[in-house]
Peer 1: 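This is the structure, below, for whatever I ask next.
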Amino acid sequence: MRAVRRTLAGFRAARSGLPDVSLRPSRPLVHVSLGALTTAMSGLRTAVEDVYREVVAALLAIDCDAVVSAGDLAPHLAHLPGVGPHIEVVAHAPQPALLHRADLFVTHAGRASLLDAVQGATPVLALGDLGDQPGNAAAFARRGLGRELDVTAGRGEIADALTALLGAPCHAAAMCAARAELSRLPPLNLTDIRDSLSERPGVPWAGWVEEVCGADSE
């Protein structure tokens, strides 16, 4: 197994559709997203909404600008006291583009979101709870790429963590170093993978890789 450079699909890298939040030059910009799937799952929606409410209250306490991407929960959160114009709640936002502008990212610590953060060199406050998310959050905290909190953290604890992260430039510097490290990795080469798998005829993905390579050459 070897690491390769991550390449964003064109539709994810697009910068169009950024939320119309009223940015103030003197205030930091925070992006919040706790995962699109969790907001769409009925068994998790109530718990995730509670987390979003605590995060929004923490954002209001530190006087920042923020874009809160809340999926199906957006209509429920958009009417919270204090929301707008400097805290914009939307269903979806072009996350990779937004993270190139944001100063901090509050995330559920899913792998794709953390990679978006690295490519945007944006420190994270990770509130992971499912699957590999707590481990991902802990790994980023160990490398100085942000901080982790338990998903049950209250607004006061979240506000303290936000303030500490925004006031410590070492996290942004660590993210810049991580982005540079990621950019030095070789790109994904499907032809190399095809050639490697052709020597192992029992591998079930060999045919799929052959089809993709063929499509790319047309």
Peer 1: Does a side-chain heavy-atom distance below 4.5 Å link I158 with R155?
Peer 2: no
Peer 1: Taking T122 for its side chain and G120 for its backbone only, find out whether a donor-acceptor pair lies under 3.5 Å.
Peer 2: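 Confirmed, T122 side chain pairs with G120 backbone.
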Peer 1: Measuring from E54:CD to L127:CG, what's the distance to the nearest 0.5 Å?
Peer 2: 11.0 Å
Peer 1: Work out which heavy atom in H92 is nearest to a heavy atom in G71; give both atom names and the distance.
Peer 2: CE1-CA, 4.1 Å
Peer 1: Please check this pair: side chain of Q119 against backbone of D116, looking for a donor-acceptor N/O pair closer than 3.5 Å.
Peer 2: no
Peer 1: Ignoring hydrogens and angles, tell me if any N or O in the side chain of Q133 forms a donor-acceptor pair with the backbone of D129 under 3.5 Å.
Peer 2: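 Checked: pair present.
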Peer 1: Does some side-chain heavy atom of V68 sit less than 4.5 Å from a side-chain heavy atom of E88?
Peer 2: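 Heavy-atom side-chain distance check fails, nothing below 4.5 Å.
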Peer 1: Write down the atom of C64, the atom of V30, and the distance for their closest heavy-atom approach.
Peer 2: SG-CG2, 4.0 Å
Peer 1: Looking at side-chain heavy atoms only, is the closest gap between H76 and E49 below 4.5 Å?
Peer 2: yes
Peer 1: For L98 and A93, work out which heavy atoms get closest and say how close.
Peer 2: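 That closest heavy-atom pairing would be CD2-CB, 4.2 Å.
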Peer 1: Between S113 and Q95, is a side chain to side chain donor-acceptor pair (under 3.5 Å) present by the stated rule, with each step listed?
Peer 2: CA-CA 8 Å; S113 288; Q95 183 166 285; 3.2 Å; yes
Peer 1: Drop me the distance from L149's CG to L162's CG, to the nearest 0.5 angstrom.
Peer 2: 8.5 Å
Peer 1: I'd like to check L114 versus V124 (side-chain heavy atoms, cut-off strictly below 4.5 Å). Are they in contact?
Peer 2: yes
Peer 1: Could you grab the distance from atom CD1 of I87 to atom CG of L60, nearest 0.5 Å is fine?
Peer 2: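 The distance works out to 4.0 Å.
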Peer 1: So do the side chains of R53 and L80 get within less than 4.5 Å of each other, counting heavy atoms only?
Peer 2: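 Yes, close enough: below the 4.5 Å cut-off.
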Peer 1: For the backbone of L34 and the side chain of Y52, can you confirm whether one donor and one acceptor N or O come within less than 3.5 Å of each other?
Peer 2: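 Yes, the answer is positive, given that a donor and an acceptor are paired below the 3.5 Å cut-off.
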Peer 1: Could you report the tightest heavy-atom contact between G128 and A109, atom names first, then the distance?
Peer 2: CA-CB, 4.4 Å
Peer 1: I'd like to know if the side chain of H171 reaches the main chain of G144, judged simply by a donor and an acceptor atom lying under 3.5 Å from each other, with no hydrogens or angles considered.
Peer 2: yes
Peer 1: P28 pairs by side chain to side chain contact (heavy atoms under 4.5 Å, CB included) with which of T163, L104, L165, D103?
Peer 2: D103
Peer 1: Locate the shortest heavy-atom distance separating A70 from V89; write the atom from each residue and the value.
Peer 2: CB-CG1, 4.4 Å
Peer 1: How far does CG of L59 sit from CG of D65, to the nearest 0.5 angstrom?
Peer 2: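 Output value for this atom pair is 10.0 Å.
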Peer 1: Find the distance between CZ (R143) and CE (M175) and round it off to the nearest 0.5 Å.
Peer 2: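 Answer rounded to 0.5 Å: 9.5 Å.
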Peer 1: Measure the OG1-CZ distance between T107 and F140 for me, rounded to the nearest 0.5 Å.
Peer 2: 9.0 Å
Peer 1: Is the side chain of H31 donor-acceptor paired with the backbone N or O of F105 at a distance under 3.5 Å, no angle test?
Peer 2: no
Peer 1: Under a 4.0 Å threshold between the charged nitrogen and the carboxylate oxygen, would R142 count as salt-bridged to E148?
Peer 2: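 Looking at R142 together with E148, the answer is no, because their closest N to O distance does not fall below 4.0 Å.
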Peer 1: Taking all atoms of both residues into account, what is the closest heavy-atom pair of A159 and A61, and its distance?
Peer 2: CB-CB, 4.4 Å
